[in-house]
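By convention in this document, chain letters (A, B, ...) are assigned in the order of the sequence lines, proteins followed by strands, and residues within each chain are numbered from 1. Worth knowing before you read on, the calculation uses all heavy atoms, side chains too, and leaves out hydrogens, waters and symmetry mates. Quick caveat, the model's predicted, so the values are computed rather than measured.
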Amino acid sequence: MSVPDHDTEKHGQKRKREHKAHAGENVHIGDGRSGNKKSSTTNTASAETPKDESKARTKKPEFKNLPKRQRSTDVQRNNPKKAAFLPNRSLAGKSNALLQVRQKLPIWPKASDIRNKLLESDVLVLTAETGSGKSTQVPQFLLSAPWCTGRVAVTQPRRVAAISLARRVSDEMGSSLGKSPYSKVGYSVRFDDNVGRDNKIKFLTEGMLLQEMLRDPALTEYSCVIVDEVHERSVNVDLTLGFLRGLVTGTSDACSKRKGKPLKVVIMSATADTESLLHWFKQGYQEAKSAPIASAPDSVQNSDKNASNSSRDGEVLEANDRAINEDDEKMLIKVKGRQHTVQTIYLTQPTQDILEAALLRIFEIHRKEPMPGDILVFLTGQDAVTDLQRSIEETIPAIITLDSGLPKLQVLPLFAALPQAQQQLIFEASPPNTRKVIIATNIAETSITVPGVRFVIDSGKAKIKRYRPTIGLDSLLVKPITKSSAEQRKGRAGREAAGKCWRLYTSKDFETFEKDTEPEILRTDLSSALLTMMARGIDDVVGFPLLAKPSREAMGRALLQLYKIGALSDDGHINEMGHKIARLPLTPALGRVIIAAASEEMDCLMHVIDIVSCFSVENIFLEIKDEDSRPEVGEARARLSRRQGDHLTILAAVQGYAAENSDRKAWARQHMISHRAMQNVMDARKQICAQCVQAKLLSKTTLAEAEDREIVSENTANNILKCFLRGFSNNVARLVPDGSYRTIHGNQLVAIHPSSGLFGKKVEAILYNEFVFTNKSYARGVSAIQLNWLDELISSEA
DNA sequence: GAGCACTGC
């Protein structure tokens, strides 16, 4: 199997490369536009390497809830040669064949129960374990409901999941996908909108639904919103639920725009605490009943609870009463999954050395457990993964000497920063008589499903990011996982057959784990979430219904932050600047930088967009390892390096990549820059440019002229950094006499991260993109600035 | 001298 690396570059010369490419996401390109016999792949992928094409761009489509056998149709789609031979009856034929499989899913017998409950109630909470088929079947069940005159939306936390589920459901329905005529199923994710006029079901990311609410807060196009994977509790899902509660209970201003058409909300989750979810919705109905006017501010609400209800629709009130009095059972459905049994084995004594324990366990499994059966090990991070990989590889020779009859071991690391081609290896069949050992971070818990796993080894730990509002610092530390997370990891052994899970902790330790992972909204910088609310008309962000209430401190810090960048007026309401920032798919700080760069005085928008695009995707720089580094790589990198620091170095990298018109992939390899990350940067750049044109921050002519960007002058370089200062005025530290850096606000000690070009350098002051505590407080994405720029900043604000 | 995982018209 060749490494799927050389996918499209030769072909890419001819077509505009940028808008297609975000490897790992586009499950397959162009497919949506022609889900029928004329395989779309012909115009994009190299016909001679169809498999490589699909693999290069695919993190394995994740059919969480479907048995492996069912995935075969996707293989056919991925393989245009094969697909070309499929007769044209394929759509209907495929759908019929799939029906038999669907009927065996645990969720299948629940169809009428689900429909009946939604006749009575607008809200339904459905818990279903992995393998039940909920994500694919429930949307289809609802299409025949009498209230279902509009679309059914299904939200997903991740883009790949939204796309692959849409494809699966369209197959099941005998429909083509997306924009093609008569297609019943579409999807909408960032960079890839594939929704057709006739679509009845639309899969979309949570973020995308929130975006749609900006334009249509009442979600008038939908009869139902299914919120899937709620147990993951992303910030976006919590915001989504808040808005949906307002819509179903009638407290949202937007309700009247639905013109009496009901909105049904189905909340689907694997493990969530269903009682409290339901309780929270009922509480919403209760509050709606006592609130005098839709979305009245607190002060008004408190003044007279029995004041006129006349402004609200009588029907809504009736529905609310019904909901409040409803028996919980009538709003709840639980479905068993179809997982194979997994035996759990704990340590009898706690261990000090997880890697050692994992190493022993791996060889123990390898000697005693039958083949086939791959091993999946969950560790905390990239370092641990590569350490264990090394130990295993060092130990293998000794083990073989002891027992030469053992099967071989193939060790495969898996973490997000790993180049795509290497991630892809886990999906490839291992050589005969070989057992795979996949050593993974949390990426294998939710984002990537590893096939062939029968044995799981769980370290019981993960790195968790947590924001500290008091000092504006993110910490990224190793913590014990939660019970639900441990169950999730264990379940990875039982997807294809019965399996075993070794936990590298005692059952007593397990009992000390928290039940569920703390919702992200409680451990993140809230400025983005609050701006999202405000831009959608929520005046009283403190009163916005959230399943988990962040601390006052965190809210206060975020509001202050928004005020500081000028997104709020003095009275605390969102202003025009805030609205502009909210429209950009960026953090508020980065959005503010964009606005600053568009000013006549600064005039460096195109450059700033390049840098901001990089900060909004993963790290573009690959690590140069000592062993394999070719001298020319070091030189190529050095040519990109800029003395001012990382911002301008990144700019040089993006410009170098964008200017390369013949072979960008080779350029990326030559500079040890991630091609995949760069494709994402190009997508983001294009999107941000388009939005800047729309917001009149950028004229189309400037955009067109900017294709060859000139060398950055000293003055422009300074302006670029001054723009970043606008959004990141808190992220400034100055050199103090002992040679360390301390923050201007708060006098915190800051070390320049070793990945920075300014590492080890002493400059009067630094500006940085991120402040993260790992084993020290590190500044990442660092540039040198002049302290007097801060005075300029203050005087220009005044 | 070091990087859990996602998302955004």
Residue [X], side-chain heavy atoms: nucleotide from [options] that is nearest:
| X | options | result |
| --- | --- | --- |
| Asn619(A) | dG3(B), dA5(B), dG8(B) | dG3(B) |
| Phe415(A) | dA2(B), dC9(B), dA5(B) | dA5(B) |
| Arg190(A) | dC6(B), dG8(B), dG1(B) | dG8(B) |
| Phe759(A) | dG8(B), dG1(B), dA2(B) | dG1(B) |

Please give, in whole Å, the distance from [N] [atom2] to [X] [atom1]?
| X | N | atom1 | atom2 | value |
| --- | --- | --- | --- | --- |
| Lys776(A) | dA2(B) | NZ | P | 7 Å |
| Glu520(A) | dT7(B) | CD | C1' | 9 Å |
| Ile443(A) | dG3(B) | CD1 | C1' | 13 Å |
| Phe773(A) | dA2(B) | CZ | P | 12 Å |
| Asp683(A) | dC9(B) | CG | C1' | 14 Å |
| Arg536(A) | dC9(B) | CZ | P | 9 Å |
| Leu204(A) | dC9(B) | CG | P | 11 Å |
| Arg158(A) | dG8(B) | CZ | P | 12 Å |

Side chain to side chain donor-acceptor pair (under 3.5 Å) involving Arg233(A) - partner list, sequence neighbours excluded: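 Counting only residues at least two positions away or on another chain, Arg233(A) forms a side chain to side chain donor-acceptor pair (under 3.5 Å) with Asp238(A).
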
All side chain to side chain donor-acceptor pair (under 3.5 Å) counterparts of Ser777(A), not counting sequence neighbours: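 Applying side chain to side chain donor-acceptor pair (under 3.5 Å) to Ser777(A) gives none.
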
Is [X] near enough to [N] that one of its side-chain N or O atoms lies under 4.0 angstrom from OP1 or OP2?
| X | N | value |
| --- | --- | --- |
| Thr205(A) | dG8(B) | yes |
| Thr774(A) | dG3(B) | yes |
| Gln687(A) | dC9(B) | yes |
| Thr441(A) | dA5(B) | yes |
| Arg159(A) | dG8(B) | yes |

Base dG8(B) paired with Asn236(A) side chain (donor-acceptor, <3.5 Å):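 No.
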
Residue closer to the 5' end of DNA chain B, Leu584(A) versus Gln382(A) (nearest nucleotide):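 This one resolves to Gln382(A).
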
Arg215(A) vs Asp383(A), nearer the 5' end of DNA chain B by closest nucleotide: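 Closest to the 5' end, via its nearest nucleotide, is Asp383(A).
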
Partners meeting salt bridge (charged side-chain N to carboxylate O under 4.0 Å, His left out) with Arg466(A) (sequence neighbours left out):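 Here the qualifying residues are Glu518(A).
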
Gap between atom CZ of Arg583(A) and atom CG of Leu531(A) - 0.5 Å precision: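 Answer rounded to 0.5 Å: 12.0 Å.
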
Using a 4.0 Å heavy-atom cut-off, does [X] contact any base of the nucleic acid, only the sugar-phosphate backbone, or nothing at all?
| X | answer |
| --- | --- |
| Ala462(A) | nothing |
| Leu476(A) | base |
| Leu586(A) | base |

Qualifying residues under ring-ring contact (aromatic ring centres under 6.0 Å, His included), relative to Phe415(A), sequence neighbours excluded: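 Counting only residues at least two positions away or on another chain, Phe415(A) forms no ring-ring contact (aromatic ring centres under 6.0 Å, His included).
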
Under 3.5 Å, which donor-acceptor pairs do the side chains of residues 383-390 of chain A form with other protein atoms, sequence neighbours left out?
residue: Thr386(A); atom: OG1; partner: Gln382(A); partner atom: O; Å: 3.0
residue: Thr386(A); atom: OG1; partner: Asp383(A); partner atom: O; Å: 3.0

Intermediate values then yes/no, side-chain hydrogen bond (donor to acceptor under 3.5 Å, both in side chains), Asn199(A) and Tyr187(A): CA-CA 9 Å; Asn199(A) 290 170; Tyr187(A) 64 86; over 6 Å; no

Aromatic plane relationship, Phe510(A) with Tyr505(A) - under 30° parallel, 30 to 60° tilted, over 60° perpendicular: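 It falls in the parallel class, under 30°.
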
Any residue of residues 588-596 of chain A with a heavy atom less than 4.0 Å from an atom of DNA chain B: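 None - not one residue of the stretch has a heavy atom sitting under 4.0 Å from the strand.
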
